[in-house]
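Just below is one structure, and these are the notes that go with it.
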Amino acid sequence: MADETKRTPSGQQSAQGGDKPPAGKAAIPEKPKVGEGSGAAHAAPPKPPGIAATPWEHERVARLKRLYGSAIKEALTYLGQNYLVVNKEAAFDVLRAIRDDENFDYLVDVTCVHYPDRAEPFEIVWILYSFPHNERLRVKASVKEGEKAASVVALWPTANWLEREAYDMFGVEFDGHPDMRRILLPDGWKGFPLRKDYGIIQQDTEWVKINLGIESGQ
Amino acid sequence: MSEILKSEQSASSVKHLELEATPSPAYLDSDELILNMGPQHPSTHGVLRVILKLDGEKVMGTECVIGYLHRGVEKIAEHRTYAMFNPYVDRMDYVAAVSNGLGYCEAVEKLLNIEAPPRAQHIRVILAELNRLASHMLWLGTHALDIGAITPLFYTFRDREEILKIFEKYCGARLTTHAFRIGGCLYETYEGFEDECRNFVKFVRPKIDEYETLLTTNRIWVERTKGVGYISGDDCKAMGVTGPVLRASGVKWDIRKAQPYSGYQNFDFDIPVGTNGDTYDRYLVRIAEMRQSLRIIEQAVEKLPEGPVMAKVPKVVKPAVGEVYHGIESPKGELGYFIVSDGSTQPYRIRVRPPSFVNLQALDMMVRGALVADVVAVIGTIDIVLGEVDR
Amino acid sequence: MPQWLQSVVDYVTKSNNTPGWYADPVASAIWALIYIILIFTGVSIAVIAMNWLERKILAHMQVRLGPMRVGPHGLLQPIADALKLLIKEDIMPDQADKVVFWLAPVTIVITAFTVYIVIPFGPTHAVTDMNIGLLFMLGVSSIGVLGIIMAGWASNSHYPLMGSLRSSAQMVSYEIAMGMAVVSAVLMTSFKGGGNFFRQIYGTGGASVGTLSMIGIVRAQEAQQTWFLFKFFPLGLIAFFIFAVAMVAETNRAPFDLPEAESELVAGFHTEYSGFRWSLFFLAEYAAMIAVSSIAVTLWLGGWMRPFASLHGPNVEIPNYWSGGAIDLAFALVPALTFFVLALFAFIGTVRMPKHRAFRVQTIGLAGFALALGFIGLVLLEPHVRDRVQDIFWFSLKVAVFMYMYIWYRGTFPRYRFDQLMHLGWKFMIPTGIAVLILTAALGLGS
């Protein structure tokens with residue numbers, strides 16, 4: 001950020017070339033300088049209050065809690081975005097209830113986050129949207145290494161490729177998925193690149209050697 | 001959905017190729033033809049590989065093989081600071097780089113709990129809508145080319161050039177613009193920016209009519225697109241299909257209206273919807289969207305407020321621990337960024353929800369029982385960019 | 001010139017001027033040979049010119065310039081292309097059926113050029129006047145599809161195979177519609193007089209008997225003093241329309257270019273071909289386009305007849321050193337004038353050429369081209385030459401209109417889908433063709 005700010009004037013000059021010479025430049029100082037706020041005076045990040053997650057109180061949560069009780073571990077809201085943390089065993093049932101009873105009819109995304117230090121390192125995230133309510137909701141559940149997460153392909157067919165990608169990148173298998181195999185990486189690839197222990201330039205050298213005939217793909 | 005091709009596909013890709021070179025006797029007995037379309041093919045829009053199972057010309061099933069352009073964007077993000085990752089997002093949907101940048105910057109801003117100043121938001125809207133036009137123009141040209149009309153391509157590229165000129169003047173780049181920064185815009189608009197935008201709107205309105213003259217009532221065009229690649233609104237929702245494809249199926253949903261961002265609530269525009277959910281309606285919806293984009297640009301230029309273009313952003317972007325999802329309406333559909341912060345300068349995880357990737361999944365549903373020529377038409381009408389599918 | 005040579009030349013030239021020259025076997029053989037050479041070179045040049053014109057015209061339709069670098073306005077581009085194709089590596093796929101792969105382009109080229117045997121560029125300008133000329137033409141051009149199937153099969157690859165399957169289905173279907181249209185034209189040759197519309201204008205034409213000879217068909221139009229296009233208006237027009245559509249389908253051109261649908265089948269039946277072999281396909285495609293256009297011109301547009309053949313402009317006596325004959329100013333000057341106009345365009349282009357040193361060669365080249373065109377125009381003013389050549393001129397001009405239409409279609413239309421193509425062929429063209437045929441026969445009863 002800081003570097004970019006410093007480079008601004010020259011960068012803009014070269015960007016604009018001969019087309020827009022000084023006239024454009026002259027206009028700039030009148031308007032507040034680009035990135036002015038990032039000076040040393042503002043080194044302290046503007047942390048507004050209430051940035052921590054707060055409990056999410058809503059009848060929807062109450063309804064779900066009534067049905068599934070302790071399976072719903074947490075219901076929180078962060079920066080106006082609501083999310084539920086649920087038990088992995090109950091995840092499928094909760095998601096079904098959310099789809100059928102709460103009308104969250106559009107599964108935006110299924111993804112995974114890897115926390116190597118946790119007991120259950122893989123946090124599956126379902127991002128949902130409800131067309132009738134115009135509301136977004138995230139549901140999260142964690143699984144252990146080698147454990148299978150619940151597949152929601154039966155609920156939302158769109159989960160098919162999304163779960164395959166999560167498997168491809170994290171190695172989390174989804175129980176009940178019709179076609180659990182890699183999607184972006186080649187079928188024979190070893191390793192799951194988005195895990196935290198997978199280096200950024202690491203690759204399946206064996207695969208590269210066999211299939212590309214070179215020592216390294218880098 | 002892919003059980004039909006499972007036998008071929010469950011083997012590794014290497015083995016699969018061997019299978020094609022030396023067909024087994026059982027293969028010869030079969031009545032179906034396995035046609036490998038891509039990754040080098042004129043109309044798979046990049047490196048998409050579609051394995052078609054054909055009965056004569058009829059498509060019995062498809063299997064998309066993607067990942068040829070996989071660059072590990074999400075992995076890269078974890079090793080870059082928030083600002084350093086910004087240019088990378090342009091490389092995903094490279095025909096709508098501005099929209100990618102907009103989504104990313106807005107997501108990070110949301111994570112920082114700040115908002116870009118009004119002037120920056122207006123500039124963002126103008127550029128994003130120009131980009132939507134550019135993306136739709138490129139789509140129209142290539143889609144028409146896929147269907148065999150070679151001329152519209154040159155018309156749309158001629159007009160897209162004017163948009164790219166504005167981009168170039170604004171930020172020095174034409175395609176992967178990196179136009180926005182976290183907290184606003186880096187550059188102030190150049191002298192004459194408003195006039196150029198106004199002139200562009202005036203210039204391009206009749207051009208869109210020109211495209212329509214060539215295609216909308218063309219008998220062959222109508223025959224080739226009407227009823228082709230049908231998908232219902234409910235199927236769209238189930239398959240997660242968004243953007244013009246969803247709207248052509250009669251679902252009036254646009255994130256710019258449903259959950260306005262970057263000040264879209266201040267502009268007056270309509271959401272064009274189709275009724276039939278076929279390729280022709282998707283064509284009409286996109287054409288109508290181009291006109292709506294022009295409306296938005298006009299209003300944004302008229303209302304362009306004075307003021308700073310950059311919010312107060314810390315020198316080092318270091319969001320608090322937490323996670324946020326932000327979705328915008330990119331030209332192709334819902335483009336979402338799910339960002340997890342661990343309180344450090346680098347994102348802990350960035351997940352991109354690519355519209356092309358999810359929309360492409362509906363290809364099989366849309367082309368089953370159609371003909372080979374329709375596959376090409378439907379790939380075109382979904383409007384995928386492989387850079388975004390594979391990331 | 002020795003006496004014997006003189007007599008041979010006299011014999012040969014004279015025999016070409018007299019309508020009954022086909023009866024003389026020796027003269028016919030000599031003239032056939034001459035025409036074969038002329039047609040082969042002429043068509044090859046036409047293909048090259050067509051290549052350049054297509055690129056330029058299409059480019060201007062698509063708001064771009066087209067070739068501009070090789071020669072003035074890219075005039076030498078086709079030659080550069082041909083050279084490139086000749087010296088390219090000749091690739092034959094490993095799994096291909098070698099013999100058939102080699103035979104396919106040869107077959108296509110042979111059939112495409114064989115059709116020209118019966119095409120009359122003028123009353124005497126033809127390789128031969130076959131009494132079953134039209135049948136011969138239809139038969140030979142049907143063999144062309146065999147070459148395409150061979151190419152698709154021999155490549156041992158999916159896309160070519162699908163392309164050739166499409167091609168065979170398409171060509172066979174459209175040949176029926178084409179046949180119906182052709183038969184109605186043949187039927188028209190057997191009628192006396194013109195159609196209702198033209199009978200009023202021209203009075204009744206001469207008598208004629210039905211014929212399949214290509215020259216005979218044009219003669220019938222001459223005798224009836226009408227192009228068959230206007231015969232039994234609008235029946236002739238409909239039959240012509242059917243033929244005009246079917247011939248685009250026959251030659252696999254847009255919007256019926258499914259066999260080589262680039263966006264679907266990569267390049268269709270010639271996907272695996274490269275270099276010289278591919279250029280043979282290219283040559284054959286354009287040769288076939290010119291051939292079918294020639295047939296359309298012969299059948300419906302009066303062949304070599306000039307427009308308004310029965311009208312004459314004011315005959316002005318111009319002192320003429322060679323013949324002293326009269327020049328029909330309305331039409332006789334058109335061939336020369338056409339070339340003068342072309343020369344003028346080239347000249348304007350020369351003048352507008354940038355005055356930079358780098359462009360000197362190009363400017364000189366374009367000036368030379370303008371001079372050549374002007375010289376051809378001058379030669380065409382000479383009555384002897386004019387009288388011998390103006391038939392060919394009018395014929396070529398009509399064919400050129402069709403060629404332009406081909407390019408225009410390509411620039412305008414999207415591609416039909418396979419089932420729609422079949423739909424159009426079987427459910428619209430063939431029934432209409434049959435209806436036209438029946439109506440023609442019925443109307444013909446009265447005349």
Side-chain angles (χ1 to χ4, degrees), chain A residues 1-2 4 8 11-12 14-16 19-20 23-24 27-28 31-32 34-38 42-48 51-53 78-79 81 105-109 111 113-114 125 127 131 134 136 138 156-158 160-162 169 178-179 181 183-188 193-194 200 210-211, chain B residues 1-3 6 10 12-14 66-67 70 72 74-76 79 83 110-111 113-114 169 171-172 181-182 186-188 190-191 237-240 251 253 258-259 306-318 320 322-325 327 334 336 338 340 348-349 351 353 357-358 361 390:
Chain A
M1 245 354 245
E4 280 167 358
T8 305
Q12 198 169 16
S14 61
Q16 294 194 343
D19 266 9
K20 269 284 138 195
I28 287 171
K31 286 152 190 165
V34 171
E36 206 171 72
S38 53
H42 300 275
K47 274 234 171 80
I51 197 139
Y78 180 71
L79 292 171
Q81 300 193 343
D105 42 3
Y106 164 33
L107 176 70
V108 179
D109 203 356
T111 189
V113 188
H114 187 207
V125 184
I127 302 167
F131 281 104
N134 187 20
R136 289 191 193 278
R138 286 200 301 276
W156 295 280
T158 180
N160 190 325
W161 282 19
L162 297 166
M169 296 296 156
D179 186 24
R181 59 197 165 87
I183 185 162
L184 290 178
L185 296 179
D187 283 345
L194 276 184
I200 188 164
I210 293 171
N211 290 282
Chain B
M1 72 184 280
S2 51
E3 66 278 1
K6 224 173 170 179
S10 55
S12 75
S13 53
V14 183
I66 55 176
H70 180 61
E74 290 171 15
K75 186 77 181 175
I76 292 169
H79 292 75
K110 200 160 207 174
L111 195 59
N113 204 10
I114 55 173
K169 262 188 165 176
C171 62
R181 299 297 189 274
I182 296 156
L186 177 58
Y187 307 122
E188 184 45 74
Y190 57 86
E191 188 82 1
K237 288 177 186 170
M239 294 303 287
V251 181
W253 187 72
Q259 302 195 328
E306 293 294 314
V309 292
M310 194 72 174
K312 297 205 186 312
V313 181
K315 198 168 182 179
V316 178
V317 178
K318 214 171 166 184
E323 54 192 46
V324 78
Y325 174 85
E334 176 173 354
F338 175 63
V340 182
Y348 187 75
R349 163 123 173 84
R351 158 70 184 172
R353 191 267 180 198
F357 177 81
V358 181
Q361 203 180 164
D390 296 343

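Each chain gets a letter, A, B and so on, in the order the sequences are listed, and its residues count up from 1.
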Rounded to the nearest 0.5 Å, how far does [atom2] of [Y] lie from [atom1] of [X]?
X	Y	atom1	atom2	answer
B:K237	A:D105	NZ	CG	5.0 Å
A:T111	B:R351	OG1	CZ	4.5 Å
B:F357	A:L162	CZ	CG	5.5 Å
A:I183	B:I66	CD1	CD1	4.0 Å

For B:V358, is it the side chain, the backbone, both, or neither that has a heavy atom closer than 4.5 Å to a heavy atom of chain A?
->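 The side chain, not the backbone.
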Using non-hydrogen atoms only, which part of B:E334 is less than 4.5 Å away from chain A: side chain, backbone, both, or neither?
-> side chain
So, do A:I127 and B:F338 sit near enough that their side-chain heavy atoms are less than 4.5 Å apart?
-> yes
Side chain from CB out, backbone as N, CA, C, O: work out which of these in [X] comes under 4.5 Å of a heavy atom of chain B, or both, or neither.
X	value
A:V108	both
A:R136	both
A:L185	side chain

Among B:G72, B:G336, B:G67, which has the most heavy-atom pairs under 4.5 Å with chain A?
->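 Ranked by contacts with chain A, first place is B:G67.
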Greatest number of non-hydrogen atom pairs under 4.5 angstrom with chain A, of B:G327, B:A238, B:G322, falls to B:A238
Grab the two heavy atoms, one from A:Y78 and one from B:E323, that are nearest each other, plus how far apart they are.
->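 It is CD2-O, 3.3 Å.
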Minimum-distance pair of heavy atoms, taken over all atoms of B:V340 and A:V113 |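 B:V340 and A:V113 have their closest heavy atoms at CG2-CG2, 4.1 Å.
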Hey, does the side chain of B:Q361 reach the backbone of A:W161 with a donor-acceptor pair shorter than 3.5 angstrom?
-> yes
